[in-house]
Amino acid sequence: MSEFTRKTVSKDIFGRLLRNDGIFVNREAMRPSYMPDILPHREKEISDMASILVPALRGETPSNIFIYGKTGTGKTAVTKYVGKELVKKGEELDRKVNFVYINCEVVDTQYRLLQNISNHFINDWSERIPFTGWPTDEVYSKLRSMIDKNGGVTIIILDEIDKLKGDDALYNLSRINSYLERARVSLVGISNDLKFTEFLDPRVKSSLGEENLIFPPYDASELQDILKQRADIALKHNVLDDDVIPLCSALAAQEHGDARRALDLLRIAAELAEREGSPRVTSRYVRLAQNKIEVDRITEVVRTLPTHSKLILLAILLQEKHDKSTGNIGVITTGEVYDVYKELCKKIRTDVLTQRRVADLISELDMLGIITARVISKGRYGRTREIKLSSSADEILKILKEDELFEDLSKYKIQGQTRLI
DNA sequence: CCTCCACCGGAAGTGGAGGAAT
DNA sequence: ATTCCTCCACTTCCGGTGGAGG
């Protein structure tokens with residue numbers, strides 16, 4: 001390679017990718033965090049929520065709300081949207097309305113929750129409540145005085161409320177109004193777990209559930225509208241084949257009408273097309289995207305598995321390979337997996353878990369969708385689980401090998417018949 | 001129709017970690 | 001600092017079971 005070519009190549013690697021001859025106009029519009037101006041097919045939910053919260057604009061306390069809906073049904077988007085509008089209207093009417101959004105998956109303890117809400121009212125950086133150090137009830141009383149001093153109506157959104165540890169925090173928050181003189185607080189809890197309220201303190205339950213909103217899943221045609229709207233903003237005109245949006249919608253509709261899933265499919269399909277230099281997104285890229293999402297999911301799950309679950313997974317993998325090479329056509333059973341697993345443990349000098357425990361871990365792997373395990377009866381030869389890998393063995397092996405512990409282990413060969421007949 | 005295999009899966013208990021209360 | 005409590009991973013024990021082979 002001449003001096004000249006090397007220079008141009010290295011100089012242009014980003015230039016070529018940067019030149020906007022791809023498919024996207026505004027990539028952000030396809031991300032889950034993007035907030036569109038219009039939320040299609042959520043008009044009813046928006047107006048329901050608005051009518052519950054409108055007392056805030058008259059300085060009265062709105063009812064607390066509990067919102068339930070599966071992932072990707074627009075709970076968070078609708079709530080944030082209504083909140084934004086409410087604050088805007090409040091400024092117009094000169095009514096003080098505060099809107100605090102907390103994601104309980106990130107802020108999951110009582111202390112951090114109270115700390116976070118309090119800091120929302122403290123602009124001066126040096127005045128802020130530290131991550132740790134204060135007694136919990138002091139933070140609580142600080143919060144009360146902050147809210148009272150601030151006045152007006154404060155609406156606190158607790159997203160993913162089921163992730164919050166302990167219900168003391170909810171109990172305290174739901175009673176805060178009786179300690180306030182000049183201000184009012186109302187709570188909005190969001191969850192995708194309907195059973196969540198069953199385990200709650202009955203007092204919290206009745207106070208939080210003054211109003212309930214249920215967000216139904218989107219159906220395929222509603223998903224199409226959402227995708228069309230986003231595609232208009234995010235993509236160049238006329239880069240999608242006609243069947244791309246219907247396909248994305250149909251696939252996502254099968255997954256309980258998850259709009260986020262639909263958007264991910266479309267975005268990844270477009271990204272794959274762009275990366276391959278294709279001028280158009282075809283249904284082939286949607287299929288590839290779906291595959292990529294699945295592989296990414298499996299990769300992530302397997303990578304973060306605890307050691308013993310990985311060992312069990314490897315045991316299943318080895319057994320499957322062994323069966324294939326010996327032409328054995330029987331199904332893999334719990335007992336066989338357990339035997340191989342024991343050997344693997346011995347090899348790396350790890351304690352062996354009991355078969356009972358291993359059975360539970362196998363069920364977990366099943367629930368994670370890495371394997372399928374269903375109970376079958378082999379008559380005289382007992383009752384057991386039939387265990388199968390649910391995705392490519394090589395793919396999983398590759399991920400397992402990332403763990404240095406499994407580097408050598410994966411070469412382990414099962415000696416002959418592990419079980420006498 | 002009965003037996004009996006090779007597990008399933010519920011119940012109860014242990015022990016250690018981590019957080020809250022005193 | 002110490003005790004208490006709660007959670008979690010795991011063990012022990014054991015009754016239960018679908019159906020091939022007798």
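Nothing here was measured: the structure is a model prediction, and the numbers come from that model. So you know, we letter chains A, B, ... as the sequences are listed, proteins then strands, and number each from 1.
- For the residue pair A:R385/A:S363, the side-chain donor-acceptor check at 3.5 Å is satisfied.
- Rounded to a whole Å, the CZ atom of A:R356 is 7 Å from the C1' atom of B:dC8.
- Computed from coordinates, the A:I332 CD1 to B:dC7 P distance equals 13 Å when rounded to whole Å.
- Following rounding to the nearest Å, A:Q355 (CD) and B:dC8 (P) show an atom-to-atom distance of 7 Å.
- Listed nucleotides: B:dC8, C:dT11, C:dC10. Nearest to the side chain of A:H308: C:dC10.
- For the OP1/OP2 pair of B:dA6 and a distance below 4.0 Å, the side-chain nitrogens and oxygens of A:R385 include no atom meeting the criterion.
- Under the 6.0 Å distance and 45° angle rule, A:R42 counts as a cation-pi partner of A:Y218.
- Remark: C:dG22 base-pairs with B:dC1. Criterion, Watson-Crick or G-U wobble with two distances under 3.5 Å.
- When rounded to the nearest whole Å, the span between CG of A:D351 and P of B:dT14 equals 20 Å.
- Atom CG of A:L113 is separated from atom C1' of B:dG19 by 17 Å (rounded to the nearest Å).
- In this structure, of B:dG9, C:dC10, B:dC7, it is C:dC10 that holds the atom nearest to the side chain of A:L353.
- Sequence order on DNA chain C of the closest nucleotides to A:L361 and A:G379 puts A:L361 first from the 5' end.
- Looking at heavy-atom distances under 4.0 Å, A:V358 makes no contact with the nucleic acid at all.
- A:N192 contributes no side-chain N or O that, together with a main-chain N or O of A:G69, makes up a donor-acceptor pair within less than 3.5 Å.
- We find that OH of A:Y381 is positioned 12 Å from C1' of B:dC4, with the value rounded to whole Å.
- Straight-line distance from the CD1 atom of A:I362 to the P atom of B:dA6: 17 Å, rounded to whole Å.
- Between A:T334 and the phosphate of B:dC8, there is a side-chain N or O to OP1/OP2 separation shorter than 4.0 Å.
- In this structure, the CZ atom of A:R357 is 19 Å from the P atom of B:dA12, given to the nearest Å.
- At least one test fails for A:R31 against the ring of A:Y34: distance under 6.0 Å to the centre or angle within 45° of the axis.
- Side-chain proximity of A:R380 to C:dA20, C:dA9, B:dC8: nearest is C:dA20.
- Looking only at atom types and distance, the side chain of A:S186 has no donor-acceptor partner in the side chain of A:N64 under 3.5 Å away.
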